[in-house]
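Heads up: the structure comes next, in structure tokens.
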There are 2 protein chains.
Amino acid sequence: MAFPKQVRLVEVGPRDGLQNEPNLIDTATKLELIDRLGAAGIGYIEAASFVSPKWVPQMADHRDVMTGLKRRQGVTYAALTPNLKGLEAALECGVEEVAVFGAASEAFSQKNINCSVAESLERFAPVLERAKQANVRVRGYVSCVLGCPYEGEIAPAKVAEVSKALYEMGCYEVSLGDTIGVGTPLKAKRMIDAVRREIPIDKLAAHFHDTYGQALANLYAVLEEGIGVVDSSVAGLGGCPYAKGASGNVASEDVVYLLNGLGIDTGIELDRLAETGTWITQTIGRPNRSKVGVALAAK
Amino acid sequence: MAFPKQVRLVEVGPRDGLQNEPNLIDTATKLELIDRLGAAGIGYIEAASFVSPKWVPQMADHRDVMTGLKRRQGVTYAALTPNLKGLEAALECGVEEVAVFGAASEAFSQKNINCSVAESLERFAPVLERAKQANVRVRGYVSCVLGCPYEGEIAPAKVAEVSKALYEMGCYEVSLGDTIGVGTPLKAKRMIDAVRREIPIDKLAAHFHDTYGQALANLYAVLEEGIGVVDSSVAGLGGCPYAKGASGNVASEDVVYLLNGLGIDTGIELDRLAETGTWITQTIGRPNRSKVGVALAAK
């Protein structure tokens with residue numbers, strides 16, 4: 001047992017959580033969500049995605065979000081920038097940190113962005129170069145680290161290979177995503193074991209989905225391995241596009257409850273976070289997928 | 001790491017899961033549920049509760065359930081019998097195994113059954129004696145092992161004390177219940193550590209509720225300690241009476257998915273179990289609280 005003393009939460013609700021919402025959410029609501037998350041003590045918020053509105057209409061207001069947010073001291077506001085065009089737009093909005101998104105599955109990469117994993121990495125090279133020039137840090141995501149909706153099993157070695165490539169290209173941190181939430185604890189540990197042979201454990205983040213209810217068990221297992229950064233989404237915002245009606249991102253409230261119980265500091269006020277989850281789900285008319293959120297609201 | 005090779009699931013859906021349902025569920029539905037669970041490979045089903053229909057109207061048909069069920073080879077059909085009267089009635093129905101229900105919290109015992117923990121144990125003595133005469137095994141439950149809705153924190157030593165008393169009175173197994181689902185993994189481990197000093201670990205079962213989403217993380221932690229019996233409820237049937245609308249028992253499907261991923265054998269067919277969860281929740285008009293059940297149904 002070597003739990004980290006502190007864990008940093010990366011809140012992905014405003015981006016990963018909202019991006020698949022069918023009804024357009026107004027910018028003011030997004031800004032209020034981001035502000036409430038910061039007020040609850042979240043130190044890192046992925047606020048927008050600079051992708052074409054043709055592909056992700058929900059993120060079409062990325063400029064208004066990035067320039068409209070009330071910056072709080074100690075909070076990082078990041079944006080997803082899959083290509084140079086997106087990065088330039090994000091830089092114009094004064095973004096301080098961005099992210100790129102790779103996959104550990106060839107089939108997923110082909111179906112999702114119509115190129116091989118290697119080609120996708122090549123496309124990120126100019127993004128990382130330009131970001132470095134602009135003194136903007138880049139976070140790397142790897143999807144399908146514990147399974148792929150098309151390929152099924154994914155070899156830990158493949159995850160390690162893609163993660164290493166992102167790290168060597170200059171990503172300061174690599175977030176390992178169980179995109180379809182199929183992983184279980186031993187599988188998660190084996191995957192982390194493979195990746196940490198290539199990248200220091202303190203440069204890795206766990207991004208787990210709760211589609212099969214395993215996210216917190218998996219997190220507990222990788223916290224035992226020393227993982228110190230966890231991606232999550234308030235109220236579990238964001239479903240699973242591969243199983244309609246099923247859960248997506250693990251809920252931030254449930255993660256904080258787990259960490260509190262393990263004596264791990266996050267700097268987050270759970271009650272305020274839970275109130276934020278209740279508020280946003282009521283505002284956009286979605287079920288609250290945080291069990292902690294539901295339990296606290298019912299008390 | 002010393003995971004057990006096999007884990008026995010104790011399915012409590014037909015009793016613990018249904019007992020708080022406000023609308024009376026007809027006996028035929030209960031019997032079909034029990035039969036489907038057995039067909040899915042569940043080896044132990046808590047089928048009814050021999051309590052006064054005044055207190056638990058939903059269990060008023062306990063005789064019809066116990067005498068009406070189609071017994072399958074290799075499946076144990078048990079009943080809750082809180083007192084001698086209940087036990088006698090259960091014996092008349094040919095019950096092969098029964099259970100008694102104690103608490104690790106004085107306040108919970110007082111509010112729930114209007115007597116102290118010690119007095120409740122005294123009341124069980126004749127039940128255990130009579131069961132022994134009748135050659136019927138008795139399982140002991142201890143509630144509030146990780147927290148109490150009235151007292152808050154519960155000392156692991158108190159859980160160990162009550163568990164030991166039940167074991168010494170003749171309970172062949174003691175099921176440790178996180179009745180309000182507030183536990184987290186380290187707390188669960190510490191509690192198990194205290195109890196195993198008094199009772200062999202292979203005589204203990206984990207009965208975790210998912211009210212705060214922690215049940216599977218807690219289960220993973222106590223499986224690491226060597227716990228080999230897990231109580232759960234198909235589709236997560238049964239809410240939390242202390243937080244209306246919140247989750248109660250951990251879902252059997254989610255537990256089986258976790259165990260499958262850990263390479264632990266249960267003898268259960270997950271697909272058939274998930275179909276049973278979908279069927280019963282549709283039949284009684286309740287949300288399916290198994291994430292595995294929802295994800296598999298959505299595929």
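Sequence lines set the chain letters: A, B, ... in the order given, protein chains first and strands last, and positions in each chain run from 1. All figures in this text were calculated on a predicted structure; none of them were measured in a lab.
Taking OG1 of T184(B) as the reference point, atom CG of L262(A) lies at 6.0 Å (rounded to 0.5 Å). Taken to the nearest 0.5 Å, the SG atom of C240(A) stands 9.5 Å off from the NZ atom of K299(B). Summarising the geometry, atom NZ belonging to K291(A) is positioned 11.5 Å from atom NE2 belonging to H209(B); distances are rounded to the nearest 0.5 Å.
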Check against side chain to side chain contact (heavy atoms under 4.5 Å, CB included), Y212(A) and L258(B): CA-CA 9 Å; Y212(A) 290 80; L258(B) 173 73; over 6 Å; no
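Using a 4.5 Å cut-off between heavy atoms, A221(B) touches chain A through backbone and side chain atoms alike. At a 4.5 Å heavy-atom cutoff, the contact between D210(B) and chain A is made by backbone and side-chain atoms alike. For K244(A), the part lying under 4.5 angstrom from a heavy atom of chain B is the backbone only.
Within the 4.5 Å cutoff, side-chain heavy atoms of Y257(A) are placed close to those of V182(B).
Between chain A and the options G293(B), A251(B), G213(B), S290(B), the largest number of non-hydrogen pairs under 4.5 Å is found for G213(B). Highest contact tally toward chain B, considering only P185(A), G245(A), S247(A), A297(A), is held by P185(A) [criterion: heavy-atom pairs under 4.5 Å]. By number of non-hydrogen pairs under 4.5 angstrom with chain A, the leading residue of A215(B), P149(B), A217(B), A246(B) is A217(B).
A donor-acceptor pair is defined here as one N or O able to donate and one able to accept, closer than 3.5 Å; such a pair exists between the side chain of Q214(B) and the backbone of D254(A).
Ring orientation note: the planes of Y220(A) and Y220(B) are nearly perpendicular, at an angle over 60° on the 30°/60° scale.
In this structure, A295(B) and A243(A) approach most closely via the heavy-atom pair O-CB, 4.1 Å.
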